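Shown next, in structure tokens, is the structure this report addresses.
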Amino acid sequence: MSPVHWRRSARTLAATLTESGTLRDPVLREAVETTPRHVFVPRFHTQRPTGEWAVTDEKSPAWLDEVYRDQPLVTALADGLPVSSSTKPGLMVRMIEALRLEPAHRVLEIGTGTGYNAALLTRMLGDDHVASIDIGTDFVAAARDRLAGLGLAPTLAVADGAGGLPDRAPYDRIIATCSVPAVPWAWAGQVRDGGLVLVDLKPSVSAGNLVVLRRYGDRLEGRFLPRWAGFMAMRDPSTPASVPPVAHGPEGPRRTTRLPAEVTAELVPWFLAHCRLPRITGIGHSGRDEDRPEWMVLHAADGSWAEVAVRASDGERAVRQGGPVRLWDHIEAVVDGWHRLGSPGWDRLGLTVTPDGFHRVWLDEPDGKYRWALPPRAVT
């Protein structure tokens, strides 16, 4: 690969991110310009409309151009499902800037993946100030080789992300490039008082966002970032690639709704709804065919379920639901309450986490009038 070619591509990527207002830090811009993303993404997978995955690698004419676009790239599959990816560069830049890094800061990254983000951090801070962990032995080995090829040697380790890397603690910053259903308190114990933890909190599919938490002694507290983003869930060796289906509970009375069938259409109330819902294990469609489904379907771990008609009749959609909890009733109540509050965005929401695993979501201020408690969730 011609150094001139990829350097031009990397500079173009950095310029694009700067012009959009995403990239502001000159030190980070230099890191983007001097880090060859193609080294970390020798191949990637693109899903076709048929559901099959196509591979693009250095033999493909479009490979280099695609690698240096501002887009995420799936880099590993398991049982036909994505298990690792190279994060969209613009999102990675936003997250790094949200850390407000200083030259002496020590950073722990949860989720090494390809190693590209670790490379950016190491360019900015130096080998001794960056550590990165991943549960995937092959991922860590490949990332170590790629980084070494560029003369970079941050600390890399194979470890369960929920446990962090205590041997290198304390850190000034912890950044997780994977989503978690709850923030592990082990991370709070490894970041210094006043330090920051940046994580994608997702109790369920699309239900949550990136949040920047500061350590205040016995609590982590901070605000969600204004723009929504999502990562693959943090894995452990015992986690299956897919969640087994849960049997329907008995059906209750039928009703109608004026809400759209797509529950993730409004991401903030969808997240807030999880303060009242059992753990959602499945979201999908059923009926007719994939191109023209008849029902949006929700399943919960306790056997609760809901089906909402995709197409409306006179502005109303049919609702079928059953099991211990009427899922759609709860969702509708939360959406209505959110509208009464003026439909606040992510920038008005914050989070407090305490050592007992309690997660309190709040509007505007931690001790304000409107607060919601997320159900306890173990992170293993």
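Just so we're clear, the structure is a prediction, and the values are computed from it rather than from any experiment.
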[X] side chain to [Y] main-chain N or O, any donor-acceptor pair under 3.5 Å?
X: R24; Y: G21; result: yes
X: H129; Y: H105; result: yes
X: H339; Y: D336; result: no
X: H359; Y: P375; result: no
X: D134; Y: V158; result: no
X: T22; Y: T18; result: no

Interatomic spacing from [atom1] in [X] to [atom2] in [Y] - rounded to 0.5 Å:
X: L198; Y: M95; atom1: CG; atom2: CE; result: 4.0 Å
X: E109; Y: T177; atom1: CD; atom2: OG1; result: 4.5 Å
X: S84; Y: D138; atom1: OG; atom2: CG; result: 11.0 Å
X: L272; Y: L349; atom1: CG; atom2: CG; result: 5.5 Å

State, with a plain yes or no, whether a side-chain heavy atom of [X] is found less than 4.5 Å away from one of [Y].
X: I135; Y: V140; answer: no
X: N209; Y: L201; answer: no
X: T87; Y: N117; answer: no
X: L213; Y: L196; answer: no
X: L363; Y: R371; answer: no
X: R258; Y: E316; answer: yes
X: S206; Y: W270; answer: yes
X: Y116; Y: V41; answer: no

Does [atom1] belonging to [X] count more than 12 external heavy atoms closer than 6.0 Å?
X: R192; atom1: CZ; answer: yes
X: D128; atom1: CG; answer: no
X: R168; atom1: CZ; answer: yes
X: E30; atom1: CD; answer: no

[X] and [Y]: side-chain donor and acceptor closer than 3.5 Å?
X: T256; Y: R317; value: no
X: T257; Y: W328; value: yes
X: S204; Y: R279; value: no
X: R146; Y: T114; value: no
X: S132; Y: T112; value: yes
X: Q321; Y: H330; value: no
X: E66; Y: Q71; value: yes

Taking only Lys NZ, Arg NE, NH1 and NH2, and the carboxylate oxygens of Asp or Glu, determine whether [X] and [Y] approach each other closer than 4.0 Å.
X: R255; Y: E332; answer: yes
X: E221; Y: R214; answer: no
X: D200; Y: K202; answer: yes
X: R106; Y: D172; answer: no
X: D347; Y: R223; answer: no

Least distance between heavy atoms, [X] atom then [Y] atom:
X: V191; Y: R215; value: O-NH1, 3.2 Å
X: I331; Y: A273; value: CG1-CB, 4.3 Å
X: P278; Y: V325; value: CD-CG1, 4.0 Å
X: S286; Y: V297; value: OG-CG2, 3.4 Å
X: L108; Y: G164; value: CD2-CA, 4.1 Å
X: L23; Y: A14; value: CD2-O, 3.8 Å

Test side-chain contact (heavy atoms from CB on, under 4.5 Å) on W187 and V199; report intermediate values, then the result.
CA-CA 10 Å; W187 297 356; V199 59; 3.6 Å; yes
Could you go through the side-chain contact (heavy atoms from CB on, under 4.5 Å) check for D57 and F44 one step at a time?
CA-CA 7 Å; D57 57 23; F44 61 88; over 6 Å; no
Might you work through the side chain to side chain donor-acceptor pair (under 3.5 Å) test for E307 and H299, ending with a clear yes or no?
CA-CA 9 Å; E307 297 180 344; H299 295 279; over 6 Å; no
Shared ILVMFWY cluster between [X] and [Y], side chains joined below 4.5 angstrom?
X: W338; Y: V361; answer: yes
X: M232; Y: V205; answer: no
X: L64; Y: V55; answer: no
X: L120; Y: L152; answer: yes
X: V32; Y: V27; answer: yes

Side chain to side chain donor-acceptor pair (under 3.5 Å) between R37 and S86, intermediate numbers included
CA-CA 9 Å; R37 192 186 187 204; S86 180; 3.1 Å; yes
Please identify which of these residues, L125, V212, L101, L121, meets the side chain to side chain contact (heavy atoms under 4.5 Å, CB included) condition with R173.
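Single side chain to side chain contact (heavy atoms under 4.5 Å, CB included) partner of R173 among L125, V212, L101, L121: L101.
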Does the plane of the ring in [X] sit parallel, tilted or perpendicular to the ring in [Y]? Use 30° and 60° as the thresholds.
X: W53; Y: H45; result: perpendicular
X: F271; Y: W346; result: tilted
X: Y370; Y: W372; result: parallel
X: Y68; Y: H38; result: tilted

Evaluate the side-chain contact (heavy atoms from CB on, under 4.5 Å) criterion for residues R11 and R7: first the C-alpha distance (whole Å), next the side-chain angles of each, then the deciding distance (0.1 Å), finally the verdict.
CA-CA 6 Å; R11 287 195 296 269; R7 286 185 183 278; 3.7 Å; yes
Would you please test V107 and I175 for side-chain contact (heavy atoms from CB on, under 4.5 Å) and show each step?
CA-CA 8 Å; V107 178; I175 177 173; 4.0 Å; yes
Intermediate values then yes/no, side chain to side chain donor-acceptor pair (under 3.5 Å), T75 and R43
CA-CA 7 Å; T75 55; R43 68 188 61 82; over 6 Å; no
